[in-house]
Number of protein chains: 2
Amino acid sequence: MSELTSQDAVQDEALQQRLRDAGLRPTRQRLALAELLFSKGDRHVSAELLHEEAVAVGVPVSLATVYNTLHQFNQSGLLRAVSVDSTKTYFDTNTSDHHHFFIEEENRVVDVPASHITVSDLPEPPQGMEIARVDVIVRLREKG
Amino acid sequence: MSELTSQDAVQDEALQQRLRDAGLRPTRQRLALAELLFSKGDRHVSAELLHEEAVAVGVPVSLATVYNTLHQFNQSGLLRAVSVDSTKTYFDTNTSDHHHFFIEEENRVVDVPASHITVSDLPEPPQGMEIARVDVIVRLREKG
DNA sequence: ATTTGTGCAAATCGTTTGCATCTGA
DNA sequence: TCAGATGCAAACGATTTGCACAAAT
């Protein structure tokens, strides 16, 4: 059962470890979703899209499980939720400190190239509060 | 019918004009909602809250009309929609250029004091795109 | 064996829409 | 008069939940 020596098997092991490190059991579904999420570079996916992809590659997860999984990944730091347009939630596989472009016409989220954008002159937070994170959304429109 | 000389009547006229200037008929409901929105300083309201307030002061608008009205006000520049948490839309009566604090525990949006926050080193937008707006959300948590 | 995850369908929540009725200019 | 506005209830899309079943340690 553990005799495979292909790249796939090696990658599987890595993903399994990654899930374990996050405190999550490496189940079939979670592994499949993790692979879709993390083996194609940085992505910004919606639950619906991820669900479609999973079904397409022959892993018939339920939509509910996709939602559960995305939230678990988000909580354990494997993903980061991005709030841009109040109708859908997008999950970003890039968890490092960065900001986003949002193309309204296409409902698409894109990372701002690293190290760009400097936010300075931040105000004092109100009494007893501290800054958890600063999100910058650069909204784009077609040049006209 | 137009013999009132109280402050209320004067304010009503001002609101009526404001709606007319925005290209909207000053109907009973729109006037009532405008008054709730614009006579208490800067506010960040959800459709649900505004609806409750209207009913509370004896103006039984329907929720659908509240949504319509908020969107019309948004489109005509009287309000500005703020996307912070993907579940609800908040409308900001302050339409000037400014940014927001968001207190996650309480689901509350607060203006960042004017003139604070400088965003610099903005990246080039992708081909054929231009920057429509830059939104900064400073997410706050309780200090602990 | 026990704990944790999964699937399904139903429920929920915010928001939108269709359509008959009303109302302001 | 009559375009535009409103209310209601039904429709909607994204997300959550309850619970019986299945899989992982």
Inset, instruction - Write down the distance between CD (B/Q16) and P (C/dT23), rounded to a whole number of angstrom. - result: 17 Å
Inset, instruction - Please examine the side chains of B/V61 and B/V55, heavy atoms only from C-beta on, and report whether any two atoms are closer than 4.5 Å. - result: no
Inset, instruction - For the residue pair B/L140 and A/P126, establish whether any side-chain heavy-atom pair is separated by less than 4.5 Å. - result: yes
Legend entry - Sugar-phosphate, base or nothing in reach of A/T89, heavy atoms under 4.0 Å: sugar-phosphate
Legend entry - Closest listed nucleotide, where the reference is the side chain of A/R28 and the choices are D/dT25, D/dA24, C/dG5: D/dA24
Inset, instruction - Please check if B/F91 and B/F38 belong to a single hydrophobic cluster, counting links between Ile, Leu, Val, Met, Phe, Trp and Tyr side chain heavy atoms closer than 4.5 Å. - result: yes
Inset, instruction - Calculate the interatomic distance between B/D85 atom CG and C/dG14 atom P; express it in whole Å. - result: 10 Å
Inset, instruction - Take the protein atom CG of B/L24 and the nucleotide atom P of D/dG4, then report the distance between them rounded to whole Å. - result: 12 Å
Inset, instruction - For B/H51, enumerate each residue passing the ring-ring contact (aromatic ring centres under 6.0 Å, His included) test, keeping only those at least two apart in sequence or located in another chain. - result: none
Legend entry - Donor-acceptor contact below 3.5 Å, side chain B/R25 vs main chain B/R30: no
Legend entry - B/Q17 CD to C/dG24 C1', straight-line distance once rounded to whole Å: 16 Å
Legend entry - Toward the 5' end of DNA chain C, by each residue's nearest nucleotide, B/T27 or B/K88: B/K88
Inset, instruction - Take atom CG of B/L50 and atom C1' of C/dG14, then tell me their distance rounded to the nearest Å. - result: 15 Å
Inset, instruction - Name the residue closer to the 5' end of DNA chain C, choosing between B/P26 and B/E48 according to the nucleotide with the nearest heavy atom. - result: B/E48
Inset, instruction - Nearest whole angstrom, please: distance from the P of D/dA5 to the CG of B/L19. - result: 11 Å
Inset, instruction - Just call it for A/S46: base, sugar-phosphate, or nothing, with non-hydrogen atoms closer than 4.0 Å on any strand. - result: nothing
Inset, instruction - Take atom CG of A/L49 and atom C1' of D/dA14, then tell me their distance rounded to the nearest Å. - result: 15 Å
Inset, instruction - Would you please classify the geometry between the A/H100 ring and the A/H44 ring as parallel, tilted or perpendicular, with 30° and 60° separating the classes? - result: perpendicular
Inset, instruction - Considering just the side-chain nitrogens and oxygens of A/R25, establish if one lies under 4.0 Å of OP1 or OP2 belonging to D/dT25. - result: no
Inset, instruction - Go through residues 55-74 of chain A and report each residue with a non-hydrogen atom lying under 4.0 Å from DNA chain D, sorted by number. - result: A/L63, A/A64, A/Y67, A/H71
Inset, instruction - Could you tell me whether the phosphate oxygens of C/dT4, OP1 or OP2, come under 4.0 Å of any side-chain nitrogen or oxygen in A/R30? - result: no
Legend entry - Whole-Å distance separating the NE2 atom of B/H51 from the C1' atom of C/dT15: 13 Å
Legend entry - Pairwise side-chain contact, A/V109 with A/D92, heavy-atom cut-off 4.5 Å (strictly under): no
